[in-house]
Undergrad: 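One structure, as structure tokens, below. Some questions next.
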Amino acid sequence: MFQDTSTRNNKSLTHWREVIHERRAYIEERLAQENRHPLPDFLMVQALKRERLRLKDELTLIEGVVRTVGKPPEPEVA
């Protein structure tokens with residue numbers, strides 16, 4: 001009936017990870033389109049690359065949290 005908090009958090013993070021992958025794919029497509037122009041807008045290219053890097057950093061953080069949350073709890077040593 002009720003889900004464990006870590007399970008809910010893991011699902012939320014997994015969903016957010018998918019959203020970031022979709023956003024990165026969109027940015028990759030926009031970069032490719034811009035670079036196909038005879039004279040690309042270098043300010044746009046720079047902004048897109050900056051956003052791509054920001055999303056990569058966010059994705060790395062989320063994947064680290066998912067790995068941590070997905071681990072079973074360690075037994076307590078008395």
Undergrad: Return the set of residues passing side-chain contact (heavy atoms from CB on, under 4.5 Å) with E63 (not counting sequence neighbours), or none when no residue passes.
TA: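 Expected list: R17, H21, L59, R67.
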
Undergrad: Rounded to the nearest 0.5 Å, how far apart are CD of E51 and CD of E58?
TA: 8.5 Å

Undergrad: Give, for atom CG of N35 and atom CG of D41, the distance between the pair rounded to the nearest 0.5 Å.
TA: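 Nearest 0.5 Å value for the CG-CG distance: 10.5 Å.
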
Undergrad: Applying side chain to side chain donor-acceptor pair (under 3.5 Å), can you list everything that pairs with E28, at least two apart in sequence or on another chain?
TA: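 With neighbours one apart ignored, the set is R52.
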
Undergrad: How long is the span from the CZ atom in R23 to the CH2 atom in W16, to the nearest 0.5 Å?
TA: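 Result: 5.0 Å between the selected atoms.
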
Undergrad: Do L31 and L53 sit in one hydrophobic cluster, given that two such residues count as connected whenever their side-chain heavy atoms are within less than 4.5 Å of each other, even indirectly?
TA: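 Unlinked, L31 and L53 end up in two clusters.
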
Undergrad: Atom CD of E34 and atom CD1 of I27: how far apart are they, to the nearest 0.5 Å?
TA: 13.5 Å

Undergrad: Taking a hydrophobic cluster as the set of Ile, Leu, Val, Met, Phe, Trp and Tyr residues connected by side-chain heavy atoms closer than 4.5 Å, whether directly or through intermediates, do M44 and L55 fall within one such cluster?
TA: yes

Undergrad: What about L13 and L61, same hydrophobic cluster or not, with Ile/Leu/Val/Met/Phe/Trp/Tyr joined at side-chain heavy-atom distances under 4.5 Å?
TA: no

Undergrad: Return the CD1 to NE2 distance between I62 and H15, rounded to the nearest 0.5 Å.
TA: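 Atom-to-atom, I62:CD1 and H15:NE2 are 10.5 Å apart.
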
Undergrad: Holding to side-chain contact (heavy atoms from CB on, under 4.5 Å), I want the full list of residues that pass it with L39, two or more places apart in sequence or in another chain.
TA: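 None.
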
